[in-house]
Colleague: 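So that we are looking at the same thing, I have put the structure below in structure tokens.
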Amino acid sequence: MDAAAYHLPSGRAARPARNVWRITLMRSMRLASPLFAALIVAGACGPAAAPAPAASAAAPAAPAASAAASTAAAGTLPKPDKVDVKIGLSGTATIGILGQLVARGLNLFEKYGLKVEFVTFSGAAQAAQALQAGQVDVGDNSGGPVVASLATSSPTQMVFVTRHNLTDNMYGRKDVKTAADLKGKNLAISSFGSQSHAGALLSLKALGLTEKDVTITPVGNDVARLAALKAGSVAASMQDSAIANELTPLGFNVMVELTKVKDLGGVPRTSLVVTPEFQAKYPNTTLLLVAAYLEGVTEMRKQTDKAAEFLAKDAQIPLATAKAQVAIEMAAPWEPRDGRCDNKVFEFTKQVNLPSNPAIANVDPTKACTNLYLDKLAALGFQKKIGVPGY
């Protein structure tokens, strides 16, 4: 899924699109003990609660009871402090949110006691505006809008990064095969400062060109750009790498594969975004959302057939197409695998957006993301429990 824009618009709040996903989920988890619950809430909210009174003489010895509780509690998460949560998506279902689709399809939100409703918006700017306006509780958006928010009185922050390495391709129409063919022509992106814009800059660099050698043209989301490419109204377009098998038989050319472009940078793709107010008021729910996202990203690699089924259903594409897309996506490099922030990625995100948004000149882009909740999960042994690589 591509980010439509990295600016936070002003004015009337965006209206959600009609294709609204509703997930009616039920609370299903219990903590290992009341004391453990108190410790978890204290870890998220502030100082620890006072210890419980000493056990009576008839109770088991304290050390043995403590060890048993510790074993039972490994990887156990707290109850949510807010059960009903609206998540605003910055576009329709695509391979780019496969982890989120898997979390939904496997009822992972239900597993952690949440009732989640996904609300789809037509782009990153609209989704960011909806979050600021309180139309949704949290957002699922790309890095640019979050960095842009740091220059406003209403900053937001990523708490889980779905993916930050760029995987789109630059596709040329039938008569555009080389850098020389592209020079002087137009290249479609969604909007300036978007993920596709970042991909375009990296692709041009890989071809030995700069943005001065082409006309970078904002066209809209993935569907709009693809339509423009097929109609011949643009010479090239940034599109998902997963559709290469669809486009190349039609005569379109893969000019750059960003998965093969090393060390040029990246930006966070659609990831979990919250406001400081939500984090402060609902630390347990924030932790549980991060847990569900992380498990979704982990399970999509273990259950690729299921992942393809969920993608086919939500994106309304043939199952065979979904399986092919998942196979390509799983074979490509994927960073990060554990949802953690990378300061260099957010610094590059600022670099991409600065020309079109001078207001972010003095912001610290590393403030746009926190590993706080992933650190809390790691302390609980959660990553190891669900099989995250490297834990």
Side-chain angles (χ1 to χ4, degrees), residues 1-6 17 19 21 87-105 118-128 139-146 158 160-171 188-191 194-200 202 220-226 237-247 257-259 266-273 293-294 296-301 304 307-308 310-317 321-337 339 345 349:
M1 184 187 307
D2 186 34
Y6 279 1
N19 53 329
W21 299 340
I87 301 178
L89 294 173
S90 59
T92 56
T94 68
I95 191 72
I97 61 166
L98 185 61
Q100 291 89 314
L101 299 181
V102 170
R104 173 179 180 255
F118 282 102
V119 183
T120 303
F121 295 89
S122 59
Q126 292 79 7
D140 187 293
N141 215 329
S142 47
V146 184
M158 279 190 179
F160 181 88
V161 177
T162 301
R163 191 173 189 176
H164 63 227
N165 62 308
L166 297 180
T167 59
D168 282 354
N169 290 346
M170 177 191 284
Y171 296 90
I189 63 170
S190 65
S191 62
S194 66
Q195 179 180 298
S196 62
H197 184 202
L202 294 181
N221 62 18
D222 293 332
V223 175
R225 295 197 309 279
L226 183 57
S237 178
M238 300 306 303
Q239 302 287 158
D240 200 302
S241 61
I243 64 172
N245 291 339
E246 171 190 339
L247 292 181
E257 296 178 68
L258 286 177
T259 56
V267 295
R269 295 168 63 166
T270 54
S271 302
L272 188 59
V273 181
Y293 267 58
L294 178 58
V297 168
T298 303
E299 288 300 317
M300 75 182 184
R301 294 189 167 278
T304 54
F310 301 144
L311 176 62
K313 177 182 177 181
D314 289 300
Q316 298 182 357
I317 60 177
T321 301
K323 286 185 175 182
Q325 290 188 13
V326 169
I328 293 171
E329 200 80 351
M330 294 302 99
W334 187 292
E335 295 295 340
R337 292 201 174 195
V345 167
T349 301

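Position 1 is the first residue of the sequence, and the numbers go up from there.
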Colleague: Identify the two heavy atoms, one from N141 and one from A128, that lie closest to each other, and give their separation to 0.1 Å.
Modeller: ND2-N, 3.5 Å
Colleague: Could you give me the CA-CA distance, side-chain angles and deciding distance for D314 and R104, then say whether side-chain contact (heavy atoms from CB on, under 4.5 Å) is met?
Modeller: CA-CA 10 Å; D314 289 300; R104 173 179 180 255; 2.5 Å; yes
Colleague: Out of curiosity, R269 CZ to D140 CG, how far, rounded to the nearest 0.5 Å?
Modeller: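 So the CZ of R269 and the CG of D140 are separated by 11.5 Å.
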Colleague: Restricting to non-hydrogen atoms, name the atom on I87 and the atom on Y293 that form the minimum distance, rounded to 0.1 Å.
Modeller: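 Closest heavy-atom pair between I87 and Y293: CG2-OH, 3.9 Å.
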Colleague: For the atom pair CD (E246) and OH (Y171), what is the distance rounded to the nearest 0.5 Å?
Modeller: 8.5 Å
Colleague: Regarding T270 and S90, do their side chains bring together a donor and an acceptor under 3.5 Å, going by distance alone?
Modeller: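 Their side chains do not contain a donor-acceptor pair, so the 3.5 Å distance test is not met.
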Colleague: Between S237 and Q239, do the side chains contain an N or O donor and an N or O acceptor separated by less than 3.5 Å?
Modeller: yes
Colleague: Can you check side chain to side chain donor-acceptor pair (under 3.5 Å) on S196 and S190, steps first, answer last?
Modeller: CA-CA 6 Å; S196 62; S190 65; 3.1 Å; yes
Colleague: Calculate, to the nearest 0.5 Å, the distance between atoms OG and NE2 belonging to S142 and H164 respectively.
Modeller: 14.5 Å
Colleague: Quick one: does I95's side chain get under 4.5 Å of I328's, heavy atoms only?
Modeller: no
Colleague: Going from CG on L226 to CG on D240, what distance comes out if it is rounded to the nearest 0.5 angstrom?
Modeller: 10.5 Å
Colleague: Looking only at heavy atoms, which two atoms of V102 and A307 are closest? And how far apart?
Modeller: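 Answer, listing the atom of V102 first, then A307: CG2-CB, 3.7 Å.
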Colleague: Could you tell me whether the side chain of M330 reaches within less than 4.5 Å of the side chain of M300, counting heavy atoms only?
Modeller: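 In short, these two side chains touch, coming nearer than 4.5 Å.
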Colleague: What I'd like to find out is whether the side chain of T92 reaches to under 4.5 Å of the side chain of D222, using heavy atoms alone.
Modeller: no
Colleague: Atom OG1 in T304, atom CD in E299: separation rounded to 0.5 Å?
Modeller: 11.5 Å
Colleague: How close do A308 and K323 get, counting heavy atoms only, and between which atoms?
Modeller: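 Answer, listing the atom of A308 first, then K323: CB-CG, 3.6 Å.
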Colleague: In the structure I gave you, are the side-chain heavy atoms of S241 and L258 within less than 4.5 Å of one another anywhere?
Modeller: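 Answer no - side chains too far apart.
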Colleague: If I compare all heavy atoms of T162 with all of G96, which pair ends up nearest, and what's the gap?
Modeller: CG2-O, 4.4 Å
Colleague: If you take all heavy atoms of Q195 and P268, which pair is closest and at what distance?
Modeller: OE1-O, 4.1 Å
Colleague: Check whether D168 reaches the backbone of M238 with its side chain - one donor and one acceptor, N or O, closer than 3.5 Å.
Modeller: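 Judged by distance alone, no pair lies under 3.5 Å.
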Colleague: Please name the residue in the list I317, T94, L98 that meets the side-chain contact (heavy atoms from CB on, under 4.5 Å) test with Q325.
Modeller: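 Passing option: I317.
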